[in-house]
Amino acid sequence: MEKTETKNLGKNGGLVFAVNGEKFEVATGIEPSVTLLEFLRSHTRFKSAKLGCGEGGCGACVVMLSKHNPVLDQVEDFTVSSCLTLLCSVNGCSITTSEGLGNSKDGFHPIHQRFSGFHASQCGFCTPGMCMSLFSALTNAEKMHRPEPLPGFSKLTVYEAEKAIAGNVCRCTGYRPIADACKSFAADVDLEDLGINSFWRKGEPKEVKLRRLPSYNPKNTVIKYPEFWKVRSRSTTNMDLENFSWYSPTNLEELKSLLDSNVVEDVQIKLVVGNTGMGYYKELERYDRYIDLRYVPELSMIRRNEKEIVIGAAVTISRVITFLKEEGTVNSSPVGKQVFQKIAEHMEKIASGFVRNSGSIGGNLVMAQKKYFPSDIATILIAAGSTVSIMTSNEHETLTLEEFLARPPIHSKTVLLSIQVPLFDRKRNGRSDSKLAFETYRASPRPLGNALPYLNAAFLADLSHANGVLVNDIRLAFGAYGTKHSIRARKVEEYLSGKILSPSVLYAAVRLVKGAVIPEVGTSHAAYRRSLAVSFLFQFLSPFVISGSAICGGLSDGLSSSLPKDSSKMHNENSIGQLANSTLLSSAKQEVKSSREYYPIGEPLTKHGAAIQASGEAVYVDDIPSPPNCLHGAFIYSTKPLAHVKGVDIKSCTQLNGVAAVISYKDIPVGGENVGSKTMFGLEPLFANDLTRCAGERIALVVAETQKAADIAADSAVVSYDTENLDPPILTVEEAVERSSFFEVPPFLYPKQVGDFSKGMAEADHKILSAEIKLGSQNHFYMETQTALAVPDEDNCLVVYSSIQSAEYAHSVIAKCLGLPEHNIRVITRRVGGGFGGKAIRAMTVATACALAAYKLRCPVRTYLNRKTDMIMTGGRHPMKITYSVGFKSNGKVTALHLDILIDAGIEADISPVMPSNMLGALTKYNWGALSFDIKVCKTNHSSKTAMRGPGEVQASFIAETVLEHVASILSMEVDSVRNINFHTFESLNVFCGESAGEAPEYTLPQIWDKLGASSCMVQRMNMIEQFNQSNRWRKRGISRVPIVHKVTVRPTPGKVSILWDGSIVVEVGGVELGQGLWTKVKQMAAYALSSIGCEGTENLVEKVRVLQLDTLSLVQGGFTAGSTTSESSCEAVRLCCNILVERLEPLKSKLQEQMGAVNWDVLILQAHFQAVNLAVNSYYVPDSNSMSYLSYGAAVSEVEINILTGETNILQADLIYDCGQSLNPAVDLGQIEGAFVQGIGFFMLEEYLINADGLTISDGTWTYKIPTIDTIPKQLNVEVLNSGHNTKRVLSSKASGEPPLLLAVSVHCATRAAIKEARKQLNTWSRLDGLGSVFQLDVPAIMPVVKNLCGLDNVERYLESLLTD
């Protein structure tokens, strides 16, 4: 879209808005369903807003929207999800993206500079959205009436700065550096608390820090709202767009007229405010009429009368929160203010800020009414006694919210007008001594929201003193537990009304609640949800219960206070208030040691490209402008595990607008093959032929004019299946064993047994036989989904741009599929927006499908998988079943371990045959005495499992810890002691690991173990935890220290270095930049190696180095970027090149020195060009066969606190020490360590990977799959990057950091287990019997229902029974 002058908008005028201060006008030719993000990415040069999920659940698409409020005559600025915001709704508004803050040409904004300097960007895909969330918070903080901060800072508090990015997700960094970048703007920040950065060194005085921190001045304005908009008055705009209409009525009469003016009854009407419901329901139907409700005054204002607060249905949730929180705005009694405050605090847990800013309160309630959305707002407003007003075609009607929800789903012509929330005064029951108590509750996977609750609740009670606490009246609302809509537990209310609270009354009430809250059949974790209802009611009423002569609760002016110690915590720290307005994260320590021995190697330099990633200028595949005539593809995939494909109904596809073709295996050209990927273990088909063998297998690619059209067509396609004459699919590893369905593991990849198992078992004092463990999968959830662009070139050639970790292999596969020589194919990869192994093999099929479509249709074809398709097709981590038998001495020393491991590989081999080897590398962290195993790689009818960060090693580390935890439980020993006694000596390590163990000085794990015990104050903390657990009934803590040993292998890698006329340097390597800092380390290595020439002007040579994108025709044999070692091998390849260049330059340098004395780098290179010195070198680094593999070491101590009423786990602290050898870049390695650790927390604690009965992934988006967020990481994360000195066989003594630290996250799981163990001990004392044993299995992931189940779903009842028995 070109910039145009503002035009006078009349009744049939166009759509006019601004982006980063530039005016855009859209007259016609665009559908009302087009989102702001679609427009920005396809019609403007501004690509910083990314499509991460299309659900408003990740924050990658966040922009700031500014609009003029004519009533207040001021500009309102707020973030929105551009993937949900409809373009027509921004008429007259101004949009700011990260490019609008600053850029590489005009200068970066301080936000960009600080994100870069605090090492807060790795792959960078999420970074622009993070920057915009922070920028909006800074912008709005300046409008607050607060004291002016010191120069360089804002009016934000540290807590607000952290919370600003609470809705944004990142898969790379682990959040700590992002939080530091945000906190650096806060007025109350202590700069000493901020982590490692490129601005200052540890210990430097505050004045130096202030001087070096990029200055922030809010008055250096970014053009957020151009002046020309302020003079533009808002008029009703009726836009006829391609047979659709967008209407913006300005009063109820106009609205009613629009709704009633349809002669045909089946006209589809969509009432719009923020369109945020699309993020959940993803409606595909086309609407005949869009009606924007935001300009109807009755729907858009909040007002107060003598009885109630009237909230217009189109008022945004954020505005409701602000209104309720502002003291004085709600001029009601102290009770009312506290009730409204609690409602507001609960609403802040709904979705994320950028969704609440545009989503309306009425829209939320209408979704709950029409589509049974699990609404929090409905529950809390029912408890508050709210009513609603609705408008039908004939009348206005007021009814209770309960009645509204219970009606049949309303018609699209019925409009919710307003919600009335009563004021709370003292004139309730005629009693002057009665008080109100009001609380809201919510249990969800994320404390700060952006996650649907397992159950929500809100309770309002009118209480008074009468020989105890008398319940005059009570309202109990529950919702989101697997019911159509929120309900009131009326039988419980009736029972409690008129009762004096006592343990027996409370016991009867909680038993009644279990009868009232009954999830529908098929609801996940149904028993857990019911137990939450009991927990929340107990939490609410127990402070008021009289037990014996001691008053357990009291009443104050409005809400409970003077509560006993343990009970008051339950009110103050209820499940929506675990994170009070203290900071989310405590100050943390990062200890790194830089070395100047190989300068600039060893320096904590900022990651290359971090600033342009923050500003949105970094180009990812989907940012490449579409070539002319470009089409877009979307996959049709199987939903059955094993079936004949009888046909794909493409009539519905081809009749849709813009569909060009449906590509399947039948379109593979003569001479080509149906191949989509390859590994050393074989080929995988690109498309299913007449038989589909797993749910998620590719059947066809729909190609259309836009990505949206392709997605809709693929979603609309109907596949016909037939299972006649087919055996049942294999959907479990047990079935695979029964039917001998296995992939062969080559002998060289199958590890060797260690010792004599029978002998070891004979020596044992104790034995555990045939214990079982089951581990599920994990989705990669990289921020950038799979994407590719294929462009036909001259002479029957193709250029394919792919976000891939293995471009060389994709190159080969594409050529094989098309039947072309490989020199006709060129694959280019500049950067990848996160990979974690998921873009090694699985990305080949996406690139190949695009190439096939482009080749057949003779035009460019691109695809960008939607999040659901990506999660279904990619496969994820390997699930497995483990059976172990172990023998051990009475002191805990293991003498023998046998493992039977069944690995679910899915339908294709992928990399699965390497899993046994990977697993044994991590298992050998302990001396098992004798170790035997039988590992089978099972072929099942599931999607192919693939490499995911630490494949096999993560599971093996968990297995090792589970075995020792079991041993410790049997012996009633501290598990830390059992770990200690099973540590390797270097001699035993050699027996288990062979050459990988290296030399004795390299075995640093014992020193790391002891050092961590001291630095983390583990012994003292164990004593404190013991005291805490004795004095806290409903919260328990646990701590665990865990070691890791991780074997990595260095692979051959190519490199190329060229020196240009001006002395600048161009480098190419086989490794791909995934966010792991590979390019940064390569630049440092090139600068180090070339500076050995000894010229003047080489001190800042690193700034002269540029690393080019990977091009498979320019640099061959690139291989895989995987396994954590590609950075170091790429560096070594570059060093080899540079050494040759230095060798070539030396004679010329000596000659010039004789002529002119000191020689400058630029002069030397210029003369070298004149003298025809070859200044381009290729190399291929092949590691020494006897040192290709080595061991990485680390250890972690984690402390957690669990809420045994809800099962919530908070990670209070984690201390990590990891041996990086002599780090090539300590800042980059620190980021890898923290990011891997947090990704591991996701696997062990949060990420529930669910499939249906056919094996189809149903955890397929941000609503159902929860990766860690800033509120679920350790509150304090301390990391030391150990510099272990010289590892002579390594690249400049460095060691890998990408994958091994992920294994350390098992410490969080083990600490959780320790806390649960304490809860179970307590539960047994209440039951007066040993009902729960100390031996139990804590599943992975240890999500809230799992933890609560082990703590006792009936722990409240058991506690009350113990009181009644006493």
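Numbers here simply count residues along the sequence, with the first being 1.
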Taking [X] for the side chain and [Y] for the main chain, is one N or O donor matched with an acceptor at less than 3.5 Å?
X: Glu1201; Y: Arg1035; result: no
X: Lys1036; Y: Asn1029; result: yes
X: His1309; Y: Leu1338; result: yes
X: Arg1313; Y: Phe1336; result: yes
X: Tyr528; Y: Thr1206; result: yes
X: Arg446; Y: Ile1267; result: yes
X: Lys514; Y: Val510; result: no
X: Asp1271; Y: Leu448; result: yes
X: Arg529; Y: Ala480; result: yes
X: Arg1320; Y: Leu1350; result: yes

State, with a plain yes or no, whether a side-chain heavy atom of [X] is found less than 4.5 Å away from one of [Y].
X: Val421; Y: Leu324; result: no
X: Leu463; Y: Lys435; result: no
X: Leu452; Y: Trp1263; result: yes
X: Pro445; Y: Leu1246; result: no

Apply side chain to side chain contact (heavy atoms under 4.5 Å, CB included) to residues Leu1205 and Val1356 and explain how you reach the verdict. CA-CA 8 Å; Leu1205 289 173; Val1356 167; 3.4 Å; yes
Does any donor atom in the side chain of [X] or [Y] lie under 3.5 Å from an acceptor atom in the other side chain?
X: His525; Y: Glu1248; value: yes
X: Asn456; Y: Thr379; value: yes
X: Ser531; Y: Lys1348; value: yes
X: Lys1266; Y: Thr1272; value: no

Does Glu520, at its CD atom, have more than 12 non-hydrogen atoms belonging to other residues, nucleotides or ligands within less than 6.0 Å? yes
Looking at [Y] and [X], is any side-chain nitrogen of the basic one under 4.0 Å from a carboxylate oxygen of the acidic one?
X: Arg1021; Y: Asp1215; result: yes
X: Arg490; Y: Glu402; result: yes
X: Glu961; Y: Arg979; result: yes
X: Asp376; Y: Arg442; result: yes

Reported [atom1]-to-[atom2] distance for the pair [X] and [Y], which is rounded to 0.5 angstrom:
X: Leu476; Y: Leu541; atom1: CG; atom2: CG; value: 7.5 Å
X: Ile1039; Y: Cys1310; atom1: CD1; atom2: SG; value: 12.0 Å
X: Thr1209; Y: Met1344; atom1: OG1; atom2: CE; value: 8.0 Å
X: Glu1208; Y: Ser444; atom1: CD; atom2: OG; value: 8.0 Å
X: Thr400; Y: Leu381; atom1: OG1; atom2: CG; value: 12.0 Å
X: Ile1025; Y: Asn1032; atom1: CD1; atom2: CG; value: 12.0 Å

For Asp1339, the salt bridge (charged side-chain N to carboxylate O under 4.0 Å, His left out) test, sequence neighbours excluded, returns none
Determine whether the aromatic ring centres of Phe459 and Tyr441 lie less than 6.0 Å apart. yes
Residues that Glu1361 engages under side-chain hydrogen bond (donor to acceptor under 3.5 Å, both in side chains), provided they are two or more places apart: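 Checked Glu1361 against side-chain hydrogen bond (donor to acceptor under 3.5 Å, both in side chains); matches are Tyr507.
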Checking side chain to side chain contact (heavy atoms under 4.5 Å, CB included) for the pair Lys881/Glu734: CA distance, chi angles, key distance, verdict? CA-CA 9 Å; Lys881 177 185 177 183; Glu734 291 87 351; 3.1 Å; yes
